[in-house]
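Heads up: the structure comes next, in structure tokens.
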Amino acid sequence: MEREQDTLEGVVEDIIYKNDENGYTVARVELDDGGAITIVGAMPFLGAGEHISATGAYTVHPQHGPQFQVENYLREMPADEAGIYAYLASRTVKGIGPKTAKLIVDRFGMESFDVLAEMPHRLAEIRGITYEKAKAIQEEFLRLNSMRVLLEFLVQYRLPTHFAPGLISAYGDRAAEFVAKDPYLLCEEPYLLDFQRADEVAMDLGISPNADLRLRAGILYVLTFNLQAGHTFLPEDKLIGATSQLLSVEPETVRSGINRLLEAERLVRSELAGIVVDYLPALYHAEMYCTRRLLEMADKHFSEPRGLDKMV
């Protein structure tokens, strides 16, 4: 039985540490019900002044004391000028620091976010901000909004929020759209989401059990899953049987899916001891490379090194 998760809600007071590559963040939160606590976890682009609702677990760090380990969270943009200033001054938006944040909020007040998103020409009215810099700030602000949309999508479908940085890196501001169209892409590197979980999300999104993308993902998942047992390939008949069982589809449907993946060069078919086998391309090329190198080494004569017995 799963342990019930803890929850908290509050306003981010300060960003203590953040890693832009993986989203790992340490922040101080003023709780809605009083008090404050340090929160830690993958919270990409979290900014001071934002309201956060998080699930996770309360822990005690041996050096830093009580903390809240965040697993999933939702953010709301600041709702007053003080919060807008805190958010912009925290350098969450590249190109804006405390001084520029004050100039923006003093000039545009509650319209500040609207100006950043839609009216960069007005941002350029501030002394020291060229139109080129204003456009760059707008692009960064919109990228952060895309991250917000993606995070809301991940939370809605109970998917790990630490997937967000990689998805934004791969798919840009259309990341949520890509995942909504094909949640099975999360089964691939570097996410490696369990296929059954991706299948549940696909059903929630109304994707047909007979969809070609589900068939394709199931075949690739079976091959990837068997890597854990050290199998760099599977006999095609075994691959068909395992995928047919996983997806509850007819073997001939799987065979057609394999043929389409071969045409798209997502699979490699070979023959071993008279048996037809299928590889993931990277594994096939790795095996071929090792084979070539071993044959090259076996074909060469190496002189016995001096002092071999002593070395042994």
Side-chain angles (χ1 to χ4, degrees), residues 2 153-154 157-160 162-163 166-167 169-171 175-300:
E2 292 186 5
F153 175 89
L154 295 175
Y157 290 99
R158 304 181 306 285
L159 294 167
H162 65 258
F163 287 175
L167 288 168
S169 177
Y171 303 106
E177 179 185 339
F178 272 88
V179 180
K181 286 183 177 178
D182 183 5
Y184 298 104
L185 63 84
L186 297 177
C187 297
E188 301 175 13
E189 293 277 4
Y191 318 105
L192 299 180
L193 182 70
D194 180 74
F195 183 85
Q196 299 293 350
R197 183 72 199 94
D199 221 18
E200 291 170 1
V201 174
M203 289 181 187
D204 288 345
L205 289 165
I207 294 173
S208 169
N210 299 318
D212 187 60
L213 60 86
R214 180 173 185 260
L215 177 61
R216 179 185 68 229
I219 295 166
L220 296 175
Y221 177 78
V222 170
L223 281 170
T224 302
F225 182 80
N226 277 273
L227 292 176
Q228 300 174 32
H231 302 308
T232 56
F233 64 85
L234 282 180
E236 190 162 290
D237 286 347
K238 184 174 181 179
L239 174 60
I240 290 171
T243 306
S244 175
Q245 184 175 6
L246 174 70
L247 303 181
S248 299
V249 298
E250 293 297 322
E252 279 307 308
T253 300
V254 179
R255 192 179 300 277
S256 297
I258 289 174
N259 289 333
R260 288 195 292 276
L261 284 169
L262 289 167
E263 292 172 4
E265 299 183 350
R266 298 289 305 278
L267 287 183
V268 175
R269 179 182 280 156
S270 187
E271 188 173 311
L272 183 65
I275 299 173
V276 175
V277 299
D278 293 317
Y279 287 83
L280 295 169
L283 273 296
Y284 175 80
H285 295 305
E287 271 201 5
M288 293 303 101
Y289 172 78
C290 291
T291 301
R292 285 196 303 272
R293 293 292 293 127
L294 288 169
L295 289 172
E296 289 170 3
M297 293 168 68
D299 197 42
K300 292 180 180 178

### Message
With side-chain contact (heavy atoms from CB on, under 4.5 Å) as the criterion, how do L205 and Y157 come out once you've worked through the C-alpha distance, each side chain's angles and the decisive distance to 0.1 Å?
### Response
CA-CA 9 Å; L205 289 165; Y157 290 99; 3.2 Å; yes

### Task
Check step by step if salt bridge (charged side-chain N to carboxylate O under 4.0 Å, His left out) holds for E263 and R260.
CA-CA 5 Å; E263 292 172 4; R260 288 195 292 276; over 6 Å; no

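Taking CG from L159 and CZ from F153, the interatomic distance works out to 6.5 Å, rounded to the nearest 0.5 Å. The structure places NE2 of H162 at 10.0 Å from CG of L167, a figure rounded to the nearest 0.5 Å. The line from CG of D194 to CG of L186 is 11.5 Å long, rounded to the nearest 0.5 Å. To the nearest 0.5 Å, atoms CE (M203) and OG (S208) are separated by 9.5 Å. Here CG of L220 is found 5.5 Å from CG of L267. Values are rounded to the nearest 0.5 Å. The distance from atom CG of L247 to atom CZ of R214, rounded to the nearest 0.5 Å, is 4.5 Å.
No side-chain donor-acceptor contact under 3.5 Å links D299 to the backbone of L295. Proximity of a side-chain donor or acceptor of R269 to a complementary backbone N or O of E236 within less than 3.5 Å is not detected. Not one N or O on the side chain of S244 forms a donor-acceptor pair closer than 3.5 Å with the backbone of I240.
Counting non-hydrogen atoms of neighbouring residues, nucleotides and ligands closer than 6.0 angstrom, the CD atom of E265 reaches no more than 12 such neighbours. Annotation for E200: atom CD counts as buried by contact number, over 12 foreign heavy atoms lying within 6.0 Å. For E188, the CD atom sits in a packed shell: over 12 heavy atoms of surrounding residues, nucleotides or ligands are nearer than 6.0 Å.
For the pair D182/R216, a side-chain contact is recorded, criterion being any heavy-atom separation below 4.5 Å from C-beta on. A 4.5 Å side-chain heavy-atom check between R292 and Y289 finds at least one atom pair inside the cut-off. Side-chain contact check for V179 versus F163: every heavy-atom pair is 4.5 Å or farther apart. In this structure, the side chains of D278 and L234 stay at 4.5 Å or more apart for every pair of heavy atoms. Residues L283 and F233 are not in side-chain contact: their nearest non-hydrogen atoms beyond the backbone lie 4.5 Å or more apart.
Here the closest heavy-atom approach between residue P183 and residue V201 is recorded as CB-CG1, 3.9 Å. Closest of all the heavy-atom pairs between P160 and L154 is O-CD1, 3.7 Å. When every heavy atom of Y184 is checked against every heavy atom of A202, the shortest pair comes out as OH-CB, 3.3 Å. When all heavy atoms of V254 and L215 are compared, the pair lying nearest together is CA-CD1, 4.0 Å.
Between E296 and K300 there is no salt bridge, since no side-chain nitrogen of the basic residue lies less than 4.0 Å from a carboxylate oxygen of the acidic one. Salt-bridge formation is detected for the pair R255/E252: a Lys NZ or Arg NE/NH1/NH2 atom is positioned less than 4.0 Å from an Asp or Glu carboxylate oxygen.
Aromatic ring pairs are classed by plane angle as parallel below 30°, tilted from 30° to 60° and perpendicular above 60°; the pair Y279 and Y284 is perpendicular.
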